[in-house]
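Both counts, for ligands and for their atoms, begin at 1 and track the order of listing.
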Amino acid sequence: MLDNKIADEVKRFGQSHLLRHWDALTPKQQSSFANQLSSIDFKLIKRLFEGDEAQPDWAALAAAAGPPDAIQLCEASPRIKKEDAIEAGRKALANGRIAMILVAGGQGTRLGFSHPKGMFPIGPLSNRTLFEMHIDRLRAVMKRYHVSIPMYVMTSSATDADTRLFLSDHDGFGLASDQLRIFCQGSMPAIDAKTGQILLSDKGELALSPDGHGGLLAAMAKNGCLEDAGDAGIDHFFYAQVDNPMVEICDPLLIGYHLLAESEMTTQVVRKTFPLERVGNVVSIDGKTQIIEYSDLPKEVAEKTNPDGSLYLWAGNIAVHVFKRQFLESVQHSAEGLPFHHAKKAVPFIGNDGVMVKPSEANAIKFERFVFDLLPMAKTALVVESDPAEVFAPVKNAEGAATDTPTSVKKAISNLHRSWLEKAGASVAETARVEIHPNWALDAEGVRERVDGSFRISTDTYLQ
Ligand code: UTP
């Protein structure tokens, strides 16, 4: 039986079509469907559809946007010395003040892989998965600083079960059970773009999808992660996304800049190579750091240049952040206030006649929150430029696409590891691919400690 309260809500908010197939469901299906329905905030969905949520005027914001106040790579005398930052970052790591957040709740639609993206093999020679690559690196950082660094992994209903099973089958790739904390983000229903009706993916199932990486804050609060971290003496979180195997996990330089600038949220950026590159634009508007998505940035603003010809809005978001725990605590109550972004997508659904419809064009609106919408909420935010060849190669698209494919990512990893060897004086044959396991060397400095000019690589080599 359906709870009267839910049945009333469904009717009151014009969603009665959801119950059209109720009588055809088994008692078990009815019970699980009733559960889903009770988790839906129908009032919010109505508000989102009717557009009561103030949508930003992107054109006006873009017109007012300037480059962010950033620590740039080319600066001869940055306001914080690099050596000081590295020292501060190393100290915080060694003192156990840092934890890692890895968001892994996305559906990976563009990649078209049938498991969570974290299970995708990406090691150029080792075929290690994204999860394994990140954890190997984190464990090497722990070893270097003789410290335990907890890893908070955010999953979603799309990835949770598979991820838990995979990580447990592999004994957490060596992480101790108190170092690995898996928690699940929330979901949002897709609605018909014309009518606002919530779509069914089956007769007794809503078309739900994860509520965006911005669901992180609510999910951490709900699962007690912030409290738990506070109890463990964690003051800052290093945040990364599962799909970028090049992220320099717990980079002491980035953490050090964050600490010395007394920043509440620090974000790593790369210099854009062309005006409408598909990255979020990190900008400053009225003294607040924020991000304007490439799709919201008018072409003429994106194309604005400085007198030397370089791009005026140059900073591209690569979704690597450092958060002060107290900042997340202070804004967690406004988690419900992080805006929802609307995305038009083609979403298959069960029609009123009970038959599955597979639209070829966008028919639905999906709602997602973005973690970077926390940036303007920070009293102090810092932007730090990095070299993309050293930190950024996300796996986004299936083979055959122009960018961000498994092949291009493997090449980027191999090129980076080659550059570490070459900087240390080694010679690597042009045709050879290389991969370095973080236990062998964590970075260029680690390679320098092991290698000299006599070191030669002539064929594909995995140094582990
Ligand atoms: P993307 O926005 O690139 O999405 O996520 P995706 O799921 O990887 O791929 P597409 O767009 O469906 O093809 C960037 C990062 O944010 C995480 C993803 O797991 C990825 O690490 N993410 C995204 C979440 O954790 N939850 C979400 O709801 C969305």
- [ ] Find the distance between CZ (Arg139) and CD1 (Ile149) and round it off to the nearest 0.5 Å.
- [x] 12.0 Å

Task: Closest protein heavy atom to atom 4 (O) of ligand 1, given as residue, atom name and distance to 0.1 Å - done: Arg110 NH2, 4.2 Å

- [ ] Could you tell me which atoms of ligand 1, counted from 1 in the order shown, lie closer than 4.0 angstrom to a heavy atom of Pro210?
- [x] 28 (O)

TODO: Do me a favour and list the nearest non-hydrogen protein atom to atom 16 (O) of ligand 1 with residue, atom name and distance?
DONE: His213 CD2, 3.4 Å

TODO: For Leu200 and Leu18, work out which heavy atoms get closest and say how close.
DONE: CD2-CD2, 3.8 Å

Task: Subset of ligand 1 atoms that lie under 4.0 Å from at least one heavy atom of Ala104 - done: 19 (O), 25 (O)

Task: Nearest non-hydrogen protein atom, atom 25 (O) of ligand 1 - done: Gly105 N, 2.8 Å

Task: Sub-3.5 Å N/O-N/O distance, Leu111 and ligand 1 - done: no

Open item on the list: Between Lys272 and Glu303 (salt bridge meaning N to carboxylate O under 4.0 Å), is one present in this structure?
Closed with: no

Task: Under 4.0 Å to a heavy atom of Val103 - the qualifying atoms of ligand 1, by number - done: 16 (O), 17 (C), 19 (O), 21 (O), 25 (O)

Task: Subset of ligand 1 atoms that lie under 4.0 Å from at least one heavy atom of Gln107 - done: 7 (O)

- [ ] Give the atoms of ligand 1, by number and element, whose distance to some non-hydrogen atom of Gln185 is under 4.0 Å.
- [x] 24 (C), 25 (O), 26 (N), 27 (C), 28 (O)

Open item on the list: Return the closest protein heavy atom for atom 24 (C) of ligand 1 as residue, atom name and distance.
Closed with: Gly106 N, 3.3 Å

Task: Close-contact set for ligand 1 against Gln241 heavy atoms, below 4.0 Å - done: 14 (C), 15 (C), 16 (O), 21 (O)

Task: Nitrogen or oxygen atoms of Glu368 and ligand 1 under 3.5 Å apart - done: no

Task: Heavy atom of the protein closest to atom 12 (O) of ligand 1 (residue, atom name, distance) - done: Thr109 OG1, 2.6 Å

Task: Ligand-residue contact atoms, ligand 1 with Met154, heavy atoms, under 4.0 Å - done: 25 (O)

- [ ] List the closest protein heavy-atom neighbour of atom 3 (O) of ligand 1: residue, atom name, distance to the nearest 0.1 Å.
- [x] Lys396 NZ, 2.6 Å

Open item on the list: Under a 3.5 Å cutoff, is there a donor and acceptor pairing between the side chains of Asp373 and His341?
Closed with: yes

Task: Salt bridge Glu435-Arg128, side-chain N to carboxylate O under 4.0 Å - done: yes

TODO: For the pair His258 and His236, name the ring-plane relationship: parallel under 30°, tilted 30 to 60°, perpendicular over 60°.
DONE: perpendicular

Task: Phe113 and Phe120 aromatic ring geometry - parallel, tilted or perpendicular at 30°/60° bounds - done: perpendicular

- [ ] Inspect the contact between Asp443 and Arg144 and indicate whether a charged nitrogen and a carboxylate oxygen are less than 4.0 angstrom apart.
- [x] yes

Open item on the list: Less than 4.0 Å is my threshold; does some heavy atom of Gly212 fall inside it relative to ligand 1?
Closed with: yes

Open item on the list: Could you identify the single nearest non-hydrogen protein atom to atom 8 (O) of ligand 1 and state the distance to 0.1 Å?
Closed with: Lys117 NZ, 2.9 Å

Open item on the list: Give me the nearest non-hydrogen protein atom to atom 20 (C) of ligand 1 as residue plus atom name, then the distance to 0.1 Å.
Closed with: Asp243 OD2, 3.8 Å

TODO: Please examine the side chains of Phe392 and Gln268, heavy atoms only from C-beta on, and report whether any two atoms are closer than 4.5 Å.
DONE: no

Open item on the list: Taking Asp228 first and then Arg181, would you say they form a salt bridge - that is, a charged N and a carboxylate O separated by under 4.0 Å?
Closed with: yes

- [ ] Could you tell me how the ring of His170 sits relative to the ring of Phe166: parallel (under 30°), tilted (30 to 60°) or perpendicular (over 60°)?
- [x] tilted

